[in-house]
2 protein chains.
Amino acid sequence: MLLLYRNGWPICVKRRIESIVVKCYYDYEQSFAHEKQTLEDIKQTDCAENGVNEMNNNSGNDKTMTIHDVARELGVSASTVSRAISGKGRIGAATRDRILAYIEEHGFYPNAAAQSLAQSRTNNIAIILPEVNTLVDMPFFHTCMYGVEEVAQANDYDIIVVTTNGNDTKPLERLIKNRKVDGMILTRTYENDKYVKFLKQKQIPFVAVGKFPDDDVVQVDHDNVGACKEMVTVLFAKGIQNIAYLGSNMDQMVNRCRYQGYEEAYRKGKRKLNQDLVYTDLSSRAMVEKAVEELKKSGVECILCQDDYICDEVVRKLARMGVRIPDQMKVASCHYSRILENYPVTITSLKFNITELGRRSCQVLLDMIHGKTVPDKTLLDYEIILKESTKG
Amino acid sequence: MLLLYRNGWPICVKRRIESIVVKCYYDYEQSFAHEKQTLEDIKQTDCAENGVNEMNNNSGNDKTMTIHDVARELGVSASTVSRAISGKGRIGAATRDRILAYIEEHGFYPNAAAQSLAQSRTNNIAIILPEVNTLVDMPFFHTCMYGVEEVAQANDYDIIVVTTNGNDTKPLERLIKNRKVDGMILTRTYENDKYVKFLKQKQIPFVAVGKFPDDDVVQVDHDNVGACKEMVTVLFAKGIQNIAYLGSNMDQMVNRCRYQGYEEAYRKGKRKLNQDLVYTDLSSRAMVEKAVEELKKSGVECILCQDDYICDEVVRKLARMGVRIPDQMKVASCHYSRILENYPVTITSLKFNITELGRRSCQVLLDMIHGKTVPDKTLLDYEIILKESTKG
DNA sequence: CTGAAAGCGCTTACAG
DNA sequence: CTGAAAGCGCTTACAG
């Protein structure tokens, strides 16, 4: 630790210039009362400035430096330092650079709470996660969160994560009324979403990940309808005559969209959709298995699965039945994840970039917060990955 | 919207009593300059108080109420309101209850930034997540995060999530120096952890999830050593003569612990550990498969897998080899997750409660933040789940 | 038990 | 281009 000497006494300059604190280096018992001095004194002591620099520099536990400290060191006012940091207001280039250099060198970070209070903005956004615990759902939200975090981080925002049961609005209310966040991202919305209503009423900037029926809600989603439509169209083009659809829960918007795309492809191809080939309420493994058995008997050529959770069960069931993919049954999934990587046969699927979904959601939210106009709906791209499972 | 009338004019009381703002209800064009009035005026207007109450009550977008607003409404000082809310300092029970009731009724929440600034505490903690994208790792961190969030939430703390590459300390540094968090939870630590070093130096309260070699780091973990030791001991007790061990990465502390438990059980049982039965560097599926083949030839009775990712591959490989579990080979895993649910045969495994791990970590951190003394190491319980895969 | 006042560390009109 | 001062909305000794 570098010491600062005055009149032969070791002293340590802390915090505010008005309170020079004498520290116990040696001769602890002696009185250092005479060391009290004013700003003027210090300014006239040529060694002082260097001393202070060094102190702030190498002490891991230095008491928080403030904007005033750097102002004093540099002989400017706090206002000027503030301007240099924020880039707002007129400031001389030379002054700015000098201040910025000092700040960089000494690792000064402004107190977030003080900034918040003065500017009524927190540089925090909340991301609302549902309580999920299935291996299919978890990766989606986790990956999405990563994307959000990445963009937030890059813009000097932090994300506050709150998990909810989809019903209790208290946690959101607290966050908003406490002014802890500038905006919110809802990662799952429901038909009649309480949170959406609440946030609209509070006039808080927020975006919904996924499709939402309400038009005045800013949403970011993959083009599930278009993707499924194209997937089915491609399969038709490959000469497949009929394609069955296996889905689980039509309450969730994403599932609706996928089924809708499937339907539209049939219409577009001017083919008749046989409702016997459609299952949209498979809520258990047993039901999936039964469906697969029925479909095999019906002689359908291809099974399109709403997601890879269902696809996983379909593939396993077919294996147990001794049905070879793709020779005896073709299979495709509307969603790719690593679950699909563990089969002997590779699976044709749609591929969505979930991280990108998170990134874009965050970007849109930040734009809203900063008062830019944003598109009501942002639709992200998809890939169709054709693999062995639909070959032939 | 309830209107407040004065002299026959509709007016709307906003925010601070000093700035009565006239709103455009009707007769918009007329000048309302004469409506400007002072605090005193309002106090003498008997209808005023009710008016204000109603306004704050039913307007979704009322400008933030402050402690002064409620103080004024109740005829007390801001200090008193603060005391009622915080519960600190002496305050009359009657006054307190009156204030609390008012606050409850009008949904007043104190501004978090102002509280932060005044008290130098944020009521935020950070949870540091590694960048992972495997189906095995993701659920762990996600589930752990849920646990942390649950306890944080219950204590009126919010969690700021930051994902890191394990190397760059800038994000942590920003969070700390900006004073955005009161403490941190590291969900994955490495042998020579940069973050740990950094946090120790900064003297920030933090806890490490999982075992960490350094003794002066507060850690919360499952008793992996004890659990594996007991698992192996139980298997021995069931009459199994030799047990192979399949693991992947000895860099991670958790894997070390599990292997250590395995070893200790051998020692405790006074059995000779044949190193041919031990694989601790299986970094690919091919290597696992080769190991399984070798072990089958060696005539070993049981395979203990470091985690269910390895177990998954073992089970599949055995199936492909036509080896029946448990008749021809017994299998157990040192970690249970839903991955293990999809087999025709149920798998014996250790079961750790990851959510609880998160909860406890958070609890310990909060205790540290609040200046309580906490145990250096908190070891959580485990369950041994005996299933078909080791029967007989 | 309660209130007036100073302070937390920034920002931002305002005046020069 | 720069500084002094007021303000953001709380908390907390201090005095009564």
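In the text below, chain A, chain B and the rest are named by the order of the sequence lines, each starting its count at 1.
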Distance check: side-chain N/O of [X] vs OP1/OP2 of [N], anything under 4.0 Å?
{"X": "B/T66", "N": "D/dG9", "answer": "no"}
{"X": "B/K88", "N": "D/dT11", "answer": "no"}
{"X": "B/Q115", "N": "D/dT11", "answer": "yes"}
{"X": "B/S82", "N": "D/dT11", "answer": "yes"}
{"X": "B/S79", "N": "C/dG3", "answer": "no"}

Query raised in the report: With rounding to whole Å, what would you report as the distance between C/dG9 and C/dA13 at their P atoms?
Result: 23 Å
Query raised in the report: If the C1' atom of C/dG16 is compared with that of C/dT12, how far apart are they to the nearest Å?
Result: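 After rounding to an integer number of Å, I get 16 Å for this pair.
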Query raised in the report: Between the side chains of B/Q153 and B/E149, is a donor N or O closer than 3.5 angstrom to an acceptor N or O?
Result: yes
Requested in this report: Say whether B/T80 and B/S77, considering side chains only, have a donor N or O and an acceptor N or O under 3.5 Å apart.
Outcome: yes
Query raised in the report: Does any nucleotide pair with D/dA13 by Watson-Crick or G-U wobble geometry, both distances under 3.5 Å, and what is it?
Result: none
Report summary line: Mate of C/dA4 across any strand shown (Watson-Crick or G-U wobble, both atom pairs under 3.5 Å) is none
Requested in this report: Tell whether A/R179 reaches the base of D/dG9 with its side chain through a donor-acceptor pair below 3.5 angstrom.
Outcome: no
Requested in this report: Specify the residue among B/A114 and A/T80 whose closest nucleotide of DNA chain C lies further upstream toward the 5′ end.
Outcome: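 Residue closer to the 5' terminus by nearest nucleotide: B/A114.
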**Report entry** Check against side-chain contact (heavy atoms from CB on, under 4.5 Å), B/M145 and A/V161
**Finding:** CA-CA 9 Å; B/M145 183 181 81; A/V161 172; 4.0 Å; yes
Requested in this report: Look at all strands and tell whether A/T95 reaches a base, only sugar-phosphate, or nothing, counting heavy atoms closer than 4.0 Å.
Outcome: sugar-phosphate
Report task. Step through the shown structure and confirm whether more than 12 heavy atoms of other residues, nucleotides or ligands are within 6.0 Å of CZ on B/R359. Result -> yes
Query - side-chain contact (heavy atoms from CB on, under 4.5 Å) assessment of A/R179 paired with B/Y109 - result: CA-CA 9 Å; A/R179 314 262 131 182; B/Y109 288 75; over 6 Å; no
If you only use heavy atoms from C-beta on, which nucleotide in [options] is closest to the side chain of [X]?
{"X": "B/R83", "options": "C/dT11, C/dG3, C/dA13", "value": "C/dG3"}
{"X": "A/N111", "options": "C/dC10, D/dC10, C/dA4", "value": "C/dC10"}
{"X": "B/R90", "options": "D/dG7, D/dC10, C/dC1", "value": "C/dC1"}

Requested in this report: Rounded to the nearest angstrom, tell me the gap between atom CE in A/M65 and atom P in C/dG9.
Outcome: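 From A/M65 CE to C/dG9 P: 13 Å.
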